[in-house]
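All values derive from a computational prediction rather than experimental measurement. Heavy atoms only: backbone and side chains are in, while hydrogens, waters and symmetry mates are out.
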Amino acid sequence: QHYYITNNLRMILLVVLSVLVTLGNASANDVTKPNIVIMYMDDMGWGDIGANGNWAKETPNIDKMASEGMLFPSFYSAAPICSPSRAALMTGRLPIRNGFYSTNRHGVNAYTPQTIVGGITETEYLLPQLLKEGGYKSKIIGKWHMGHRPDYLPLNRGFDEFFGSPNCHFGPYDDVKTPNAPVYKDDLMLGRYYTNYTIHKGLSNLTQIFIKEGTDFIENQAKAGNPFLLYWTPDANHQPAYSSEMFWGKSRRDSSYGDSVMEVDYGVGVILAKLKELNIEQNTLVFFSSDNGAEGIAGKAGGSNGPLLCGKQTTFEGGMREPGIAWWPGTIKPGVISPQLGTTMDILVTAVGVAGLQLPSDRIYDGIDLFPVLSGKVESIERPVWYYRGNELFAVRVGQYKAHLWTWSHEHYNFCPGEYVKDVTTPDQVNRTSNPIVINLDNDPGEKYTITSGARFKEAMALINPYLQQHRDTMVRGEPSLNYCDKMVMNWAPRGCEEINYCLQGPTTSSIKLCGWDH
């Protein structure tokens, strides 16, 4: 009897020990998976941060982030407008591949207003879906802008939590002809902009709410021991810009936009401080960037693109070159200014790589893994940067050279106020594919001095042409998602409206038609 009891105890102890070892290994593995935080601003220009030379110096936290991490002076979005830029960030693929473009008119930008029928297609793998395979928990806070109909909302595209809106905060509307955009908590509407979440004369508490949502999520996931993805994307910098009383009227720029920049900078500081408070900063990779350049047409009410040409809506540098910062204490050496050409699509590829996961092998990714650069193993990796405007490739950059294949500012809208460069800022679309205009961006970021012949031109095109040919040879365009609009699909009665008695009566019959994109 003693023999059987002893052996039974031995077996129980072995099972318990085995379970403890397994749990210990699982915990160790989770610790090695870095958290990912993406801070993605709305319409913030390259020249809006002090680290890139802004005169007002009202971004001390962003500037400190740059001094503690790696600054990318040549960091690009994948489109000069919000929705396709965000779709590229979340998929690691150009909008022309993931379908976030329109064929309604050649070379025009399209986005996701309330009338849009489409959204990000289910055939695309989004970053939270990929990281979920590694046990990551994820949350988006702020502006989604990748489709507002139920199938396209964040919780149906991989995110575990959502606080924010699927649309921009345009308004106020009358809720009769046009509904005010909804604000969601997860998959239920909490209220609407302007009526429940007020924005009035540049004053709103929304950014403070977004900050609190972010720090609460970080704290909850850290306590639970989960690796996490936080996609923090406040929309305060987009017109009409807003800030809370803490920053209202405080900017030296004397504008609501300047106030809004000060407040999102404050939010950056609070979030980074929370990571340090929880002692997880050395296991957290943070990226900071913007969806497109500052809106030059907005004048004083918009941001700054510094010395770069033009702004939002264009494929000139001011439209697509963005603030770019990577921060990961203990992995990224502080105070590095990187010569690497980076894009927001690199964030997905890099995040999947550092999480120890694999990208799907059935598609082309336009982002590259920046970890060798971030870790200091290499100084830079040669790669192309593609400048698409709608369904057309307008330009390409390799090294210091940029080749304009098409040029266009706009025939009606002043996207380049006070800026004119002969043969470059053309009011009409001009096809220059057979004889591109080359710019040496190392010494001419304002794109003022064109190169159209000679040794420099030949040198540039010899560098660019192999990438361009490969790009054309391997391009498989996604089915365009932004062609059709219909008033019936607007945010009349989002899920949850019944609970707060805020459902609206919209059209009962479809009026679907081609969207009228004009820029």
Side-chain angles (χ1 to χ4, degrees), residues 45-46 52 71-80 84-85 88-89 92-97 107 289-290 292-293 305-324 337-347 349 364-368 370 373 379-390 392-409 421 423-425 432-433 435-452 456-472 474-475:
W46 186 93
N52 284 341
L71 178 68
F72 293 86
S74 294
F75 201 77
Y76 292 86
S77 64
S85 167
L89 168 73
R93 287 157 47 86
L94 287 164
I96 200 72
R97 296 193 204 274
S289 194
S290 177
N292 47 249
N305 295 311
L308 307 179
L309 183 63
C310 301
K312 179 180 178 178
Q313 306 283 5
T314 76
T315 52
F316 305 118
E317 291 298 289
M320 293 180 62
R321 198 193 293 200
E322 315 304 335
I337 301 176
S338 175
Q340 176 66 48
L341 300 186
T343 79
T344 56
M345 295 176 289
D346 302 340
I347 295 174
V349 178
I364 291 174
Y365 283 86
D366 297 289
I368 66 170
L370 290 177
V373 176
E379 185 179 48
S380 64
I381 303 165
E382 185 178 281
R383 57 88 63 86
V385 173
W386 310 106
Y387 301 71
Y388 272 86
R389 187 166 174 172
E392 185 59 76
L393 178 62
F394 269 59
V396 56
R397 178 180 180 180
V398 181
Q400 76 258 42
Y401 293 117
K402 177 180 182 179
H404 287 282
L405 309 176
W406 287 78
T407 56
W408 186 35
S409 54
V421 180
D423 296 330
V424 177
T425 56
R432 304 188 184 279
T433 306
N435 190 29
I437 289 178
V438 170
I439 304 290
N440 183 346
L441 290 173
D442 274 2
N443 56 29
D444 182 21
E447 301 176 89
K448 293 177 173 61
Y449 306 104
T450 60
I451 304 169
T452 57
R456 278 292 181 93
F457 178 84
K458 292 178 181 177
E459 176 187 337
M461 295 313 298
L463 184 64
I464 289 170
N465 274 331
Y467 287 103
L468 188 56
Q469 189 61 52
Q470 183 186 36
H471 184 69
R472 287 170 172 159
T474 59
M475 174 54 65

Point to revise | L309 side chain reached by V424 side chain, heavy atoms, under 4.5 Å | key: yes
Exercise for review: For R389 and W406, indicate whether the former's side chain and the latter's backbone hold a donor-acceptor pair under 3.5 Å.
Suggested key: no
Practice item. Compare all side-chain heavy atoms of T314 with those of M320 and state whether any distance is below 4.5 angstrom. Key: no
Exercise for review: Look at the side chain of S338 and the backbone N and O of L71, then say whether any donor-acceptor pair between them is shorter than 3.5 Å.
Suggested key: no
Point to revise | Which residues share a salt bridge (charged side-chain N to carboxylate O under 4.0 Å, His left out) with E317, sequence neighbours left out | key: R321, K402
**Study point:** H404/Y387 under ring pair (Phe, Tyr, Trp, His ring centres under 6.0 Å): CA gap, chis, key distance, verdict
**Key:** CA-CA 9 Å; H404 287 282; Y387 301 71; 7.3 Å; no
Review point. Less than 4.5 Å apart, any side-chain heavy atom of F75 and any of T344?
Key: yes
Practice item. May I ask you to decide if F72's main-chain N or O and Q340's side chain share a donor-acceptor pair within less than 3.5 Å? Key: no
Practice item. Looking only at non-hydrogen atoms, find the nearest pair between P436 and L405 and report the distance. Key: CG-CD2, 3.9 Å
Practice item. Mind checking side-chain hydrogen bond (donor to acceptor under 3.5 Å, both in side chains) for E459 and listing every partner two or more places apart, or none if nothing turns up? Key: Y401
Point to revise | Test item: T474 and I364 side chains (from C-beta on) under 4.5 Å apart, heavy atoms | key: yes
Check your understanding: Where do E382 and Y467 land on the side-chain contact (heavy atoms from CB on, under 4.5 Å) test, with the steps shown first?
Key -> CA-CA 11 Å; E382 185 178 281; Y467 287 103; 2.7 Å; yes
Revision key, fill the gap. In L341, V385, L463, the residue satisfying side-chain contact (heavy atoms from CB on, under 4.5 Å) with V398 is L463
Check your understanding: Do E322 and S77 have a side chain donor and acceptor closer than 3.5 Å?
Key -> yes
**Study point:** Pair listing, salt bridge (charged side-chain N to carboxylate O under 4.0 Å, His left out) test, anchored in residues 337-347, at least two apart
**Key:** D346-R383
Review point. Side chains of S74 and R397: does their closest heavy-atom pair fall under 4.5 Å?
Key: yes
Check your understanding: Are I368 and T343 side-chain neighbours, meaning at least one heavy-atom pair lies under 4.5 Å?
Key -> no
Check your understanding: Between the main-chain N or O of L94 and the side-chain N or O of D366, is there a donor-acceptor pair closer than 3.5 Å?
Key -> yes
**Study point:** Validation row: F457, N435 side chains within 4.5 angstrom (heavy atoms)
**Key:** yes
Point to revise | Minimum side-chain heavy-atom gap I464-V438 below 4.5 Å | key: no
